[in-house]
Each structure stands twice: as structure tokens, then as C-alpha cells.
Amino acid sequence: MKKADIPIMIGHLKELYPDAHCELLYNNPFELLIAVLLSAQCTDKLVNQVTPGLFAKYPKPEDFLSLSQAEMEDEIRRIGLFRNKAKNILETCRRLVVEQGGQVPNDYDYLVGLPGVGRKTANVVLSTAFGVPAIAVDTHVDRLSHRLGLTKATSVLQTELDLMKKLPKAEWTFTHHALILHGRRVCTARSPKCGLCSLQSICDLHQKEAKKVAKQTRKQAEA
DNA sequence: ATCCCGAGGG
DNA sequence: CCCTCTGGAT
């Protein structure tokens, strides 16, 4: 994708997903943090089946501290990766209570220091709960950034830096959410629906595919 | 690079 | 059956 195509891309994304937002259910920064911790390697839809009931029983970090590891695992078993997630949630809650008075701080360095919280999770909490411009690079954002030609990065950190450099800061959070929706609905991991994609004309993947098809038809014409 | 892991889609 | 899901730690 050329530099001049970036405003075009953002324009298309705004038409397609005018109200792109975080699809995890939450009522406050703490609930969002827990929901994002749970969402690793699983669909937000599945997380949303579990968290409303969970937060009704345990509204605040203090409330989770009465749970044993085994009890915490039972609460979130259906989500998968439940041993690590249960352990991380309990330790996160313990630290929020002891170190932050039970509040989630608006502080990137503190958040990434929590167990199970990496760059992606911290960025989602900062941007979604606190309105800080950020691009959380997850599997969708990474895949679409490569396909579109926004980056050739070999790490998600490098992808994030490339996106921050190329996209206007005011559009970081929106673009993050819009790319996720587009990745789920159109530019899927397997068999992307390029025929239905309004970004075709500016997408590197589509240009490559078009060349392949042209080459094949040329061969067939010769034979 | 590998592991964690259940649920859902193709 | 295999792949993927808003990753992170080792």
C-alpha cells in the first residue's frame, strides 16, 4: 500500500465500521482488564458468555481474593488456557488491592508488569478504558497489516511501531477496532473474502493475487 | 520455538 | 479432522 492510500483506507474503514468499538462487555477499567486477560487466544463472544455472571459474583478485585486457584479455574474453565488465566487473574487482583487500593491505574508500565498482561492487553486497557491513543496489535491487526502492506514486520512490536508511524494518532484507536472487525468479517485468517472487500484496490495481497491469476490465465492461453 | 486449552467454524 | 480465536511467559 502506498502512503497516499492510507487516508483512503481509513475512509473505507469509517464507512464500513462507523461505530467500531471494543466488543468485550465491561462496566469499568477493572472489568475490562479481566475481560482482556481472559480473551487471549479465544473469541470475545465466548468471554462475554462468562464475564457478566463472573462480575456479578465478584465485582471488585477484593472479591476474587477469597477464591482458591481451583475455584477460580472452575469459574473460567470454558474459556480455555484456564490454569494460566486463573493464576494470573488472582495474582493481578492481589496486586491491585495491595499496591493500588483496588483500582486499575492509567499507567502502561504498571499494567505490563502484571502477570499475563503484555503490550497488547495493556494497550487495549489504556485506549479503551482511559482514552489514551494506542494500537494494540493482536492476531487480526497483525495479519491485516501484513496483507494490506502496512508493514513487513517480523514481530508484533515492530508492526505496532510501523502502524504508529504511518497512521494519524487521532485514528489509532479507531483503526485498531476497525481492522479487528474487518479481520473477523472479511479478511479472515483462512480464505479471506477478497471479492467482498472494498479495500481491494489498495491492498498488497490483492495485487499479488491478481498477478498470480494473470500468470495462470496466460499459461492456459498458451496451452 | 513451544506450551497452554476449550469452543467454534470450515 | 484441522485451524483459529483481540497472547503471554518460558
Side-chain angles (χ1 to χ4, degrees), chain A residues 13 16-17 19-26 29 31-54 69-70 72-93 95 108-130 132-148 150-151 153-160 163-164 167 171-196:
Chain A
L13 290 176
L16 289 169
Y17 314 108
D19 54 349
H21 63 284
C22 179
E23 299 209 337
L24 292 170
L25 298 174
Y26 69 99
E31 292 188 3
L32 178 63
L33 173 60
I34 301 303
V36 181
L37 269 171
L38 287 171
S39 76
Q41 291 299 99
C42 98
T43 58
D44 51 344
K45 191 174 172 185
L46 180 59
V47 174
N48 288 340
Q49 290 173 18
V50 172
T51 47
L54 189 65
Q69 170 72 21
M72 188 70 226
E73 288 179 5
D74 287 338
E75 295 285 356
I76 64 170
R77 185 171 307 275
R78 291 196 299 133
I79 293 185
L81 302 180
F82 59 89
R83 293 188 186 88
N84 288 330
K85 288 177 180 178
K87 188 179 168 192
N88 291 337
I89 288 171
L90 289 179
E91 174 62 11
T92 286
C93 289
R95 284 173 49 178
Y108 175 85
D109 290 328
Y110 183 83
L111 291 175
V112 286
L114 293 169
V117 178
R119 222 181 147 77
K120 181 256 169 183
T121 301
N123 277 336
V124 170
V125 172
L126 285 180
S127 66
T128 304
F130 295 114
V132 179
I135 301 173
V137 178
D138 52 58
T139 176
H140 290 304
V141 174
D142 197 49
R143 181 179 69 252
L144 269 67
S145 297
H146 281 87
R147 284 181 178 172
L148 286 163
L150 290 166
T151 182
T154 55
S155 72
V156 290
L157 174 59
Q158 188 58 50
T159 300
E160 183 184 333
L163 291 176
M164 287 194 293
L167 302 175
E171 306 295 349
W172 286 358
T173 300
F174 165 77
T175 308
H176 157 74
H177 287 119
L179 287 178
I180 287 167
L181 288 178
H182 200 61
R184 284 177 38 184
R185 299 176 189 178
V186 180
C187 194
T188 47
R190 279 182 294 173
S191 54
K193 302 173 179 67
C194 297
L196 300 176

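These values consider heavy atoms only, across backbone and side chains, with no hydrogens, waters or symmetry-generated copies. Since we're looking at a predicted model, the values are computed, not measured. Reminder, nothing fancy here: chain letters follow the sequence lines and each chain counts from 1.
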Item to check | Stepwise side-chain hydrogen bond (donor to acceptor under 3.5 Å, both in side chains) test for Glu23(A) and Asn48(A) | outcome: CA-CA 9 Å; Glu23(A) 299 209 337; Asn48(A) 288 340; over 6 Å; no
Checklist outcome for this item: To the nearest angstrom, the CG-P distance between Asn48(A) and dC5(C) comes to 17 Å
Next on the checklist: If you compare all heavy atoms of Glu91(A) against all heavy atoms of Pro115(A), which two are closest, and at what distance to 0.1 Å?
Outcome noted: CG-CG, 3.5 Å
Item to check | Carboxylate-amine/guanidinium proximity below 4.0 Å for Arg184(A) and Asp44(A) | outcome: yes
Checklist entry - Taking the side chain as C-beta and beyond, is there a heavy-atom pair between Ser127(A) and Trp172(A) under 4.5 Å? => result no
Item to check | Sugar-phosphate only, base, or nothing, as touched by Ala136(A) at under 4.0 Å among non-hydrogen atoms | outcome: nothing
Item to check | First of Leu24(A) and Leu114(A) reached from the 5' end of DNA chain C, by closest nucleotide | outcome: Leu24(A)
Checklist entry - Is any side-chain heavy atom of Leu33(A) closer than 4.5 Å to a side-chain heavy atom of Val117(A)? => result yes
Next on the checklist: Any base atoms under 4.0 Å from Thr121(A), or only sugar-phosphate, or nothing? Heavy atoms, all strands.
Outcome noted: sugar-phosphate
Checklist entry - Rounded to the Å, how far apart are Leu111(A) CG and dG8(C) C1'? => result 15 Å
Checklist entry - Atom CG of Leu33(A) and atom P of dG7(C): how far apart are they, to the nearest Å? => result 15 Å
Next on the checklist: Whole angstroms only, please: what is the CG-C1' distance between Asn123(A) and dG8(C)?
Outcome noted: 14 Å
Item to check | Closest heavy-atom pair and its distance - Val47(A), Ser39(A) | outcome: CG2-CA, 3.6 Å
Checklist entry - Which sits closer to the 5' end of DNA chain C, His177(A) or Pro115(A), going by the nucleotide each is nearest to? => result His177(A)
Checklist entry - In whole angstroms, how far is the P atom of dC5(C) from the CG atom of Leu144(A)? => result 10 Å
Item to check | Closest to side chain of Ala40(A), choosing from dT6(C), dG7(C), dT4(C) | outcome: dG7(C)
Next on the checklist: Base, sugar-phosphate or nothing for Val47(A)? Non-hydrogen atoms, less than 4.0 Å.
Outcome noted: nothing
Item to check | Rounded distance (Å) that lies between atom C1' of dC5(C) and atom CD1 of Ile76(A) | outcome: 16 Å
Checklist entry - Given the side-chain rings of His177(A) and Tyr17(A), with only the six-membered ring counted for Trp, is the space between their centroids under 6.0 Å? => result no
In a table with atom names and distances, give each donor-acceptor pair under 3.5 Å that connects a side chain of residues 79-90 of chain A to protein atoms at least two apart or in another chain.
| unit_1 | atom_1 | unit_2 | atom_2 | d |
| --- | --- | --- | --- | --- |
| Lys85(A) | NZ | Leu38(A) | O | 2.7 |
| Lys85(A) | NZ | Ala40(A) | O | 2.8 |
| Asn88(A) | ND2 | Asn84(A) | O | 3.2 |

Item to check | Heavy-atom pair with the smallest gap, counting every atom of Leu163(A) and Ser145(A) | outcome: CD1-OG, 3.5 Å
Checklist entry - Do any side-chain nitrogens or oxygens of Ser39(A) fall under 4.0 Å of OP1 or OP2 in dC5(C)? => result no
Next on the checklist: How would you summarise protein contacts on nucleotides 3-10 of chain B per nucleotide, using B for base, S for sugar-phosphate only and - for none, with heavy-atom distances below 4.0 Å?
Outcome noted: -BBBS-B-
Checklist entry - Taking only N and O in the side chain of His140(A), is any of them less than 4.0 Å away from OP1 or OP2 of dC5(C)? => result yes
Checklist entry - If we take the P atom in both dA7(B) and dG8(C), what is their distance in whole Å? => result 22 Å
Item to check | Integer-rounded Å distance: dT6(C) P and His182(A) NE2 | outcome: 15 Å
Next on the checklist: Distance check, P atoms only: dA1(B) and dT6(C), in whole angstrom units.
Outcome noted: 24 Å
Item to check | Side-chain N,O (Thr139(A)) to OP1/OP2 (dT6(C)) below 4.0 Å | outcome: no
Next on the checklist: Which helical stems does DNA chain B take part in, if a stem means at least 3 consecutive Watson-Crick or G-U pairs with both distances below 3.5 Å?
Outcome noted: B:1-4 with C:7-10, B:6-10 with C:1-5
Checklist outcome for this item: Atom NE2 of His21(A) and atom P of dT6(C) are separated, to the nearest Å, by 14 Å
Next on the checklist: Quick check against the 3.5 Å criterion: does His176(A) have a side-chain atom that pairs as donor or acceptor with the backbone of Ala136(A)?
Outcome noted: yes
